[in-house]
J.: 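Have a look at this one before I ask anything.
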Protein chains: 2
Amino acid sequence: MKNKMAFKRSGCPITNSLDILGDKWTLLVIRDLVFGKKRYQEFMASSERIASNILADRLKQLEASRLVTRRAYQQKPARYEYVLTEKGEGLKPVLRALVVWGKAYFSITKITPTI
Amino acid sequence: MKNKMAFKRSGCPITNSLDILGDKWTLLVIRDLVFGKKRYQEFMASSERIASNILADRLKQLEASRLVTRRAYQQKPARYEYVLTEKGEGLKPVLRALVVWGKAYFSITKITPTI
DNA sequence: TGCGTTACTTGCATTTCGAAAGCTATAATA
DNA sequence: TATTATAGCTTTCGAAATGCAAGTAACGCA
């Protein structure tokens with residue numbers, strides 16, 4: 001994993017946010033975390049079918065950006081879970097706004113997450 | 001330009017939204033449009049220094065997704081401008097949420113857009 | 001005739017994505 | 001004891017996206 005955006009492109013808060021969130025998967029992982037998912041296989045089970053390597057990469061980036069915390073929930077064998085930090089929880093309004101917009105403009109929307 | 005996400009990955013409104021908005025540039029172009037920028041060179045002048053081909057591609061995608069309208073503001077020579085549709089304007093709450101989050105968690109944020 | 005402006009397009013090297021297969025440690029089962 | 005299963009990843013490699021630089025087209029102006 002190489003860091004994708006080590007420098008800041010500008011001082012704009014939108015730009016700073018997109019440097020972390022600006023791709024097709026990161027906010028979906030955060031959505032799952034908001035829904036209470038914690039484990040690797042739970043994220044893998046989502047209907048968007050994220051590739052294993054992409055998920056691992058995103059979880060590492062989210063940890064590096066301090067949006068999630070990784071901790072072992074058991075030893076032998078070591079198993080891990082991911083939890084949103086306060087910074088990560090702070091993205092709920094962004095997700096809510098996306099839900100509102102998505103519902104308003106995509107008729108194919110079937111599932112309506114309550115965040 | 002090939003279309004990046006012709007099919008829908010799921011019925012989730014967040015997923016549907018990210019199929020259009022999920023990259024590092026699209027929401028920045030929309031931010032500029034919200035600020036009243038209309039012309040190619042105005043978008044090019046933004047401090048994030050978008051590449052010319054990427055800008056052209058994003059404007060085409062935004063038009064295809066019906067978030068912006070392209071129209072000639074003069075003939076001979078033909079010159080074009082871009083304006084947000086209602087669907088595009090509908091993204092303001094998303095941008096506002098990103099500004100709030102970006103301001104809260106990035107100290108390096110200098111510019112504070114008022115959307 | 002030559003230069004500047006606007007709105008792009010093209011070429012090409014680098015980077016990222018993504019599907020599939022593989023790996024490691026341990027538990028459960030035959 | 002050997003095999004299979006489970007969880008949490010990592011590796012490989014071809015395809016697609018990105019981004020820098022240069023080029024193009026149509027016109028106005030000097």
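A note on names: the letters A, B, ... follow the listed sequences, proteins ahead of strands, and every chain is numbered from 1. Because the structure is predicted, anything quoted here is derived from the model rather than measured.
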J.: Measuring to OP1 and OP2 of dC17(C), would you say a side-chain N or O of Arg58(A) lies under 4.0 angstrom away?
T.: yes
J.: Can you give me the bend angle of the helix from dT1(C)-dA30(D) to dA30(C)-dT1(D)? Use the axis through the first five pairs and the one through the last five, nearest 10 degrees.
T.: 20°
J.: Looking at dA7(C), I'd like to know if its phosphate oxygens (OP1 or OP2) sit under 4.0 Å from a side-chain N or O belonging to Tyr73(B).
T.: yes
J.: How would nucleotides 19-30 of chain C be written as a contact map, 5' to 3', with B for base contact, S for sugar-phosphate-only contact and - for no contact, using protein heavy atoms under 4.0 Å?
T.: B-----BSS---
J.: Can you measure Met44(A) atom CE to dG18(C) atom P for me and round it to whole angstrom units?
T.: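 Roughly 13 Å, once rounded to whole Å.
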J.: Could you list by number each residue of residues 28-40 of chain A showing a heavy-atom separation from DNA chain D of less than 4.0 Å, or answer none if no residue does?
T.: Arg39(A), Tyr40(A)
J.: Please round to the nearest 0.5 Å and tell me the distance separating atom OH of Tyr80(A) and atom CG of Leu59(A).
T.: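 Result: 13.5 Å between the selected atoms.
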J.: Using only side-chain N and O atoms of Lys60(A), determine if any of them is under 4.0 Å from OP1 or OP2 of dT10(D).
T.: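 Answer yes for this pair, as a side-chain N or O of Lys60(A) is under 4.0 Å from OP1 or OP2.
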J.: Atom CD of Gln41(A) to atom P of dA5(D): distance rounded to whole Å?
T.: 15 Å
J.: So which pairs with a foot in residues 92-102 of chain B pass side chain to side chain donor-acceptor pair (under 3.5 Å), sequence neighbours left out?
T.: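 Residue pairs with at least one partner in residues 92-102 of chain B: Glu89(B)-Lys92(B).
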J.: Going by the rule side chain to side chain contact (heavy atoms under 4.5 Å, CB included), which residues pair with Arg79(B) if we only count those two or more places apart in sequence or in a different chain?
T.: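 Partners of Arg79(B) by the side chain to side chain contact (heavy atoms under 4.5 Å, CB included) criterion, ordered by chain and then number, come out as Tyr73(B), Gln74(B), Pro77(B).
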J.: Establish, with yes or no, whether the OP1 or OP2 oxygen of dG19(D) is under 4.0 angstrom from a side-chain nitrogen or oxygen of Trp25(B).
T.: yes
J.: By nearest atom, which of the nucleotides dC8(C), dT10(D), dG8(D) is closest to the Ala56(A) side chain?
T.: dT10(D)
J.: Rounding to an integer number of Å, can you tell me how far Glu81(A) CD sits from dG8(D) P?
T.: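 After rounding, the reported distance stands at 9 Å.
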J.: Rounded to the Å, how far apart are Lys24(A) NZ and dA17(D) P?
T.: 10 Å
J.: List the steps and the verdict of salt bridge (Lys or Arg N to Asp or Glu O under 4.0 Å) for Arg31(A) and Glu48(A).
T.: CA-CA 12 Å; Arg31(A) 172 202 66 182; Glu48(A) 289 85 8; 2.9 Å; yes
J.: Please list, chain by chain and in numerical order, all residues satisfying side chain to side chain donor-acceptor pair (under 3.5 Å) with Ser46(A), sequence neighbours excluded.
T.: Asp32(A), Lys37(A)
